[in-house]
Amino acid sequence: MQSSDISQKLIRSGGINFQSEALEKDYEQIKAMLAGFDAYLENENQNNDNYRKSYNLSIRVPSEKYDSLLNAISKIAYRVESKYSNVNDVTERYYDLQSRIQNKKELEKRYREILSKANQVKDILEIERNLNEVRSDIELMEGQFNYLSKQIQFSSLQVQFYEELPYELNSPKKKGFWVRIFNALDNGWQLFLSVVVGLVTIWPFFLAGGIIFILVMVLRKRNG
């Protein structure tokens, strides 16, 4: 292979994490813009809890359009919290795999030529065994090469964004001074009501106690 045929092979990847003011609107906007960058959504996850809603998108985009898409997504963000990009140079690995595949195919070709001229069963079986091993090696390396080529051609972009849910006074997340005061007053009032209800529940005991007290006082006066 001539040096002039060698070009640098890079795998680009990155991501962005941002806060959204309208989660579903931003989600639909990102999906709609992908076609304009020849990109596609590889995977997506949605998560909801008591405090926020969020999306996690895995996007594949042609390497030459990676920066443009990342910038376009950044513009719709309410507040970007983090943004990163990585570049991995796989030039040596790419051409090494390509060369090894080519060499294995040439070996396969020679085995087939020898096989076509073989006459003895022993020789034929030995050559076919070698052919199967070479063919397995070729298929394995071609799978690795195709995967690597896809990584080079299409960059990976992770997009994470979330929307905070509306303020909730009773939410455990809100621990401001006045909220704590309000919760303390509310808890005290609930305790007071519980005591009153408890006292009302045992009214027969108060009545019986009153009757016993009156009888005791009457008996004391008679004996006195």
Side-chain angles (χ1 to χ4, degrees), residues 1-20 26-46 54-116 127-162:
M1 183 180 298
Q2 299 296 325
S3 58
S4 59
D5 297 331
I6 297 178
S7 60
Q8 194 174 33
K9 302 298 180 182
L10 305 174
I11 295 178
R12 303 192 64 186
S13 62
I16 181 172
N17 185 2
F18 67 88
Q19 182 180 359
S20 168
D26 289 348
Y27 168 72
E28 294 297 334
Q29 191 172 348
I30 291 173
K31 285 184 65 178
M33 71 168 60
L34 295 183
F37 294 90
D38 297 324
Y40 64 92
L41 189 59
E42 186 175 50
N43 189 30
E44 66 174 275
N45 290 299
Q46 183 181 15
S54 63
Y55 276 104
N56 188 346
L57 310 180
S58 296
I59 298 172
R60 287 287 189 175
V61 57
S63 298
E64 65 274 11
K65 298 182 180 181
Y66 168 86
D67 288 325
S68 299
L69 178 58
L70 182 57
N71 290 334
I73 293 176
S74 300
K75 290 178 181 178
I76 72 172
Y78 167 65
R79 182 170 66 89
V80 176
E81 295 188 344
S82 63
K83 186 164 61 171
Y84 62 91
S85 290
N86 299 310
V87 178
N88 184 18
D89 189 338
V90 294
T91 306
E92 183 176 354
R93 182 183 172 194
Y94 178 90
Y95 288 109
D96 178 63
L97 268 175
Q98 190 179 64
S99 178
R100 288 167 60 193
I101 291 171
Q102 189 174 17
N103 292 337
K104 286 288 184 178
K105 285 185 175 181
E106 291 177 357
L107 180 59
E108 179 188 26
K109 183 180 177 181
R110 289 198 297 270
Y111 274 133
R112 293 192 183 280
E113 290 175 352
I114 295 171
L115 181 62
S116 65
I127 296 170
E128 287 181 343
R129 185 182 64 81
N130 292 334
L131 263 175
N132 289 334
E133 290 180 359
V134 171
R135 190 67 241 167
S136 296
D137 291 342
I138 291 173
E139 290 175 357
L140 177 62
M141 288 188 292
E142 283 183 334
Q144 295 173 348
F145 183 79
N146 291 336
Y147 177 77
L148 186 63
S149 298
K150 182 182 178 182
Q151 298 292 106
I152 295 169
Q153 184 180 2
F154 282 90
S155 297
S156 175
L157 182 61
Q158 298 294 322
V159 181
Q160 298 176 335
F161 55 106
Y162 68 92

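No experiment lies behind these values; they were computed from the predicted model shown.
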Listed by chain and number, what are the ring pair (Phe, Tyr, Trp, His ring centres under 6.0 Å) partners of [X], not counting sequence neighbours?
X	value
Phe37	none
Tyr40	Phe154
Phe18	Phe161

For [X], give me all partners under side-chain hydrogen bond (donor to acceptor under 3.5 Å, both in side chains), at least two apart in sequence or on another chain.
X	result
Ser85	Tyr66
Lys109	none
Ser58	Gln158

Residue set satisfying salt bridge (charged side-chain N to carboxylate O under 4.0 Å, His left out) with Glu106, at least two apart, ordered chain then number -> none
Going by the rule side-chain contact (heavy atoms from CB on, under 4.5 Å), which residues pair with Gln153 if we only count those two or more places apart in sequence or in a different chain? none
Can you sort out the partners of Glu128 under side-chain contact (heavy atoms from CB on, under 4.5 Å), two or more places apart, ordered by chain and number? Leu115, Ile124, Leu125
Enumerate the side-chain hydrogen bond (donor to acceptor under 3.5 Å, both in side chains) contacts for residues 130-139, please, sequence neighbours excluded, ordered by first and then second residue. Lys104-Asp137, Glu108-Arg135, Arg129-Glu133
Testing the 3.5 Å rule here: is there a donor-acceptor pair between the side chains of Gln46 and Tyr27? no
Show me, pair by pair, the donor-acceptor contacts under 3.5 angstrom made by side chains of residues 68-78, not counting sequence neighbours?
| from | atom 1 | to | atom 2 | distance (Å) |
| --- | --- | --- | --- | --- |
| Asn71 | ND2 | Asp67 | O | 3.2 |
| Ser74 | OG | Leu70 | O | 2.8 |
| Ser74 | OG | Lys83 | NZ | 3.3 |

Pairs satisfying salt bridge (Lys or Arg N to Asp or Glu O under 4.0 Å), at least one member in residues 85-94, at least two apart: none
Distance check, rounded to the nearest 0.5 Å: Gln8 atom CD versus Ile152 atom CD1? 10.5 Å
